[in-house]
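Below: the structure, in structure tokens.
Chain naming here is simple, since letters A, B, ... match the order of the sequence lines and numbering starts at 1 in each. Keep in mind that this is a model prediction, so the values were computed, not measured.
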Protein chains: 2
Amino acid sequence: MSTTSSRLLEAGRRPGRGEVRRRQILDAAVRIIGTGGLSSLTHRAVADAAGVPLGSTTYYFKDRDDLLRQTMAYAVEIERARMDEIVGAVSGPPSLEGSVRLLTEIFLDKSVADPLYDLALFEMFLEATRNDEYRPQTREWSALIGEIVDQVLPPTDPTIPRPVALQIVAALIDGLMLESASNQELTVEELADHLRIALERLVVADA
Amino acid sequence: MSTTSSRLLEAGRRPGRGEVRRRQILDAAVRIIGTGGLSSLTHRAVADAAGVPLGSTTYYFKDRDDLLRQTMAYAVEIERARMDEIVGAVSGPPSLEGSVRLLTEIFLDKSVADPLYDLALFEMFLEATRNDEYRPQTREWSALIGEIVDQVLPPTDPTIPRPVALQIVAALIDGLMLESASNQELTVEELADHLRIALERLVVADA
DNA sequence: TCAGTTCTTGTACGAACGTACACGTTTCCC
DNA sequence: GGGAAACGTGTACGTTCGTACAAGAACTGA
């Protein structure tokens, strides 16, 4: 009850040994949700996809809610790493065209980004609508999008507060992602054009 | 095999007698999905919510896929009627402020519109991402939003094609709906402000 | 080395599910 | 009035699920 290990367990995070396997299961869980929706997230399906026996998933995640909650957090963490990598490679001040290109690459271009993670996160978004338990993870996901947009977007129209402009752009991106997911006929170029048209009218004109 | 009734059955629509009960079940199905998500759509849950025995749901819907497909179509139909009613009551030419007010009332104001239907439709949207079988219904839903926006929106910036402007506004509304569903702290006024700021920059300035 | 912990796995049980189906009731048409 | 079609309902079967649990293997620290 007072050993190191039990304290770590109480803190909610396991010590290092099984971390690889834990992430292996979480990665499979994201793929399951992205492919088949929340209703297909079962211990057995995840275990099969991860190549581990059923007992493993119930060992690392005490019940289905726990699995779902940790899967959400994991997906956000992975997406944050992916986005930071893309944004971090950029040099020079933000420009309109540069921000369109980056936001497209990050959110809209399915040939670059694996849409499974985004689809899975949309599922979790809806689940959080019904169950407050998942609210922290959706909060973090919303905040992440806001941060990325903030870093990428040039100075915005001074007549509107910057946070408001960011929220508008974030909402637009959400909507475009949803449309692009459900309407395969929309090309990446069209989506980028839509984004550009909107951004042109929200950022200050550069000389 | 050649009677009137069997022909109607083959056409996919039942004759009139059981229509009331059929809609009673569909209405319950929408509420179930909006409340608990797609995974809670079971014959038993729907039967309970509709106040009918289990046998009734399996009589009107030959399997779960059929129930889901018809529920989607029903939800779109109900939403179309609701929106047409609101839009039809408007007189005079569209104005910026009028369109903001109408679109807010139709899509964003939860105290006016029952968000259960919209949440259910979002669920179906994601399901259609994975299963082509439900694509026609999502197409109709997208088209409906486009039509409503088209009817309500004043002349748009002539430098961009009207369909593009409509798609941008539709995507923005989708995103705002999603944010408002998952983030309770956003007030209707804030959402309307966001919409107004975007529309101000997409429609022609009126004298 | 060796006890304690962490990890791993197979199995089993009760609950909930989709679905089939038999059978009774109402309505319709001639 | 009577046969046919449509409507309505209760029950039962096989499957899949979450979860518990026992029991062994691998690792760790003293």
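For Q24(A), the side chain to side chain donor-acceptor pair (under 3.5 Å) test picks out no residue, with sequence neighbours left out. Among residues two or more places apart in sequence or in another chain, the side-chain contact (heavy atoms from CB on, under 4.5 Å) test is passed with R135(B) by Q184(A), D132(B), T138(B), R139(B). The salt bridge (charged side-chain N to carboxylate O under 4.0 Å, His left out) test applied to D118(A) returns no partner, not counting sequence neighbours. Under the salt bridge (charged side-chain N to carboxylate O under 4.0 Å, His left out) criterion, E190(B) pairs with no residue at all, not counting sequence neighbours. E140(A) pairs by the side chain to side chain donor-acceptor pair (under 3.5 Å) definition with R80(A), not counting sequence neighbours. Taking D65(B) as the reference, nothing meets the salt bridge (charged side-chain N to carboxylate O under 4.0 Å, His left out) condition, with sequence neighbours excluded.
Side-chain N/O atoms of Y59(A) include none lying less than 4.0 angstrom from OP1 or OP2 on dC21(D). Note on R21(B): a side-chain N or O is less than 4.0 Å away from OP1 or OP2 of dT9(D).
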List the atom pairs, with distances to 0.1 Å, where a side-chain N or O of residues 37-55 of chain A and a protein N or O form a donor-acceptor pair under 3.5 Å, not counting sequence neighbours.
unit_1	atom_1	unit_2	atom_2	d
S40(A)	OG	G36(A)	O	3.2
S40(A)	OG	G37(A)	O	2.7
T42(A)	OG1	A45(A)	N	3.0

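If you check residues 121-135 of chain B against DNA chain C, you find no residue with a heavy atom closer than 4.0 Å. Of all the residues in residues 35-54 of chain B, R44(B), P53(B), L54(B) reach under 4.0 Å from DNA chain D with at least one non-hydrogen atom.
Note: CG (L67(B)) to C1' (dC17(C)) measures 14 Å, nearest angstrom. Between Y60(A) atom OH and dT19(D) atom P there is a gap of 19 Å when expressed in whole angstrom units. Between the P atom of dC21(D) and the NZ atom of K62(A) lies a distance of 15 Å, rounded to the nearest Å. Between the CG atom of L68(B) and the P atom of dT19(C) there is a distance of 12 Å, rounded to whole Å. Distance I32(B) CD1 to dG18(C) C1': 16 Å, rounded to the nearest Å. Distance, D63(A) CG to dC17(D) P: 17 Å, rounded to whole Å. Distance F61(B) CZ to dA20(C) C1': 18 Å, rounded to the nearest Å. We find that CZ of R64(A) is positioned 11 Å from P of dC17(D), with the value rounded to whole Å.
Screening residues 100-110 of chain B for side-chain hydrogen bond (donor to acceptor under 3.5 Å, both in side chains), with sequence neighbours left out, gives D109(B)-S111(B). Pairs passing the salt bridge (charged side-chain N to carboxylate O under 4.0 Å, His left out) check and including a residue from residues 28-40 of chain A, sequence neighbours excluded, read D27(A)-R31(A).
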Got a list of protein N/O to nucleotides 21-23 of chain C N/O distances below 3.5 Å?
none

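A salt bridge links R23(A) with E19(A): at least one charged nitrogen is closer than 4.0 Å to a carboxylate oxygen.
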Pair R82(B)-E79(B), salt bridge (charged side-chain N to carboxylate O under 4.0 Å, His left out): steps then yes or no: CA-CA 5 Å; R82(B) 182 179 71 86; E79(B) 284 292 271; 3.1 Å; yes
